[in-house]
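Following: one structure in structure tokens, then a few remarks.
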Amino acid sequence: AWSKGSLALLQTICAVAQQEAVLEPLLAEWQRSQPDLQKKFAQLPGSAGKSWRWEGEMHEVAQLFEASGLPGGFHRAAAEVFGRLEGFKDQPDISLAQVVQRLNVGRD
């Protein structure tokens, strides 16, 4: 729930920042204010080629949360994020720009 869900959130934040033309300033700010985030951020492009596998897992997490009386919407959204990246399946060299563009366009 945490590791893959937070990855989806980070990917989505980058996509919104790109749409709003503030991605570069955001990344610069994160370098200064969130140094621990750099490791997670560095995983974004490389994870896109395998994140298609996590779509179902995010639905399962959402169902578990809901069965426990908690909201599952965040992980359903994470599943959609990973589903949008399915076109990168098993591609090893993906750039952050490609990830952000795919998220902003949607599914193939």
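The backbone N or O of A1 sits less than 3.5 Å from a side-chain atom of H75, completing a donor-acceptor pair. The closest donor-acceptor contact from the side chain of R84 to the backbone of L103 lies under 3.5 Å.
Nearest heavy atoms, F88 versus V99: CE1-CA, 4.0 Å. Closest of all the heavy-atom pairs between A79 and H59 is CB-NE2, 3.5 Å.
Residues forming a side-chain contact (heavy atoms from CB on, under 4.5 Å) with Q34 (at least two apart in sequence, or on another chain): W30, L37. Qualifying salt bridge (charged side-chain N to carboxylate O under 4.0 Å, His left out) partners for E57, counting only residues two or more places apart in sequence or in other chains: K4. The side-chain contact (heavy atoms from CB on, under 4.5 Å) test applied to E29 returns R32, S33, not counting sequence neighbours.
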Please tabulate, for side-chain N and O atoms in residues 9-26, each donor-acceptor pair with protein atoms closer than 3.5 Å (sequence neighbours left out).
| from | atom 1 | to | atom 2 | distance (Å) |
| --- | --- | --- | --- | --- |
| T12 | OG1 | A8 | O | 2.8 |
| Q19 | NE2 | N104 | OD1 | 3.0 |

Please report, to 0.1 Å, the donor-acceptor pairs under 3.5 Å made by any side chain of residues 64-74, with sequence neighbours excluded.
| from | atom 1 | to | atom 2 | distance (Å) |
| --- | --- | --- | --- | --- |
| E66 | OE1 | R76 | NH2 | 2.7 |
| E66 | OE2 | R76 | NE | 3.4 |
| S68 | OG | L64 | O | 3.1 |

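Heavy atoms from other residues, nucleotides or ligands lying under 6.0 Å from CG of D93 number 12 at most.
Among pairs with a residue in residues 41-53, none fulfils side chain to side chain donor-acceptor pair (under 3.5 Å), at least two apart in sequence or across chains.
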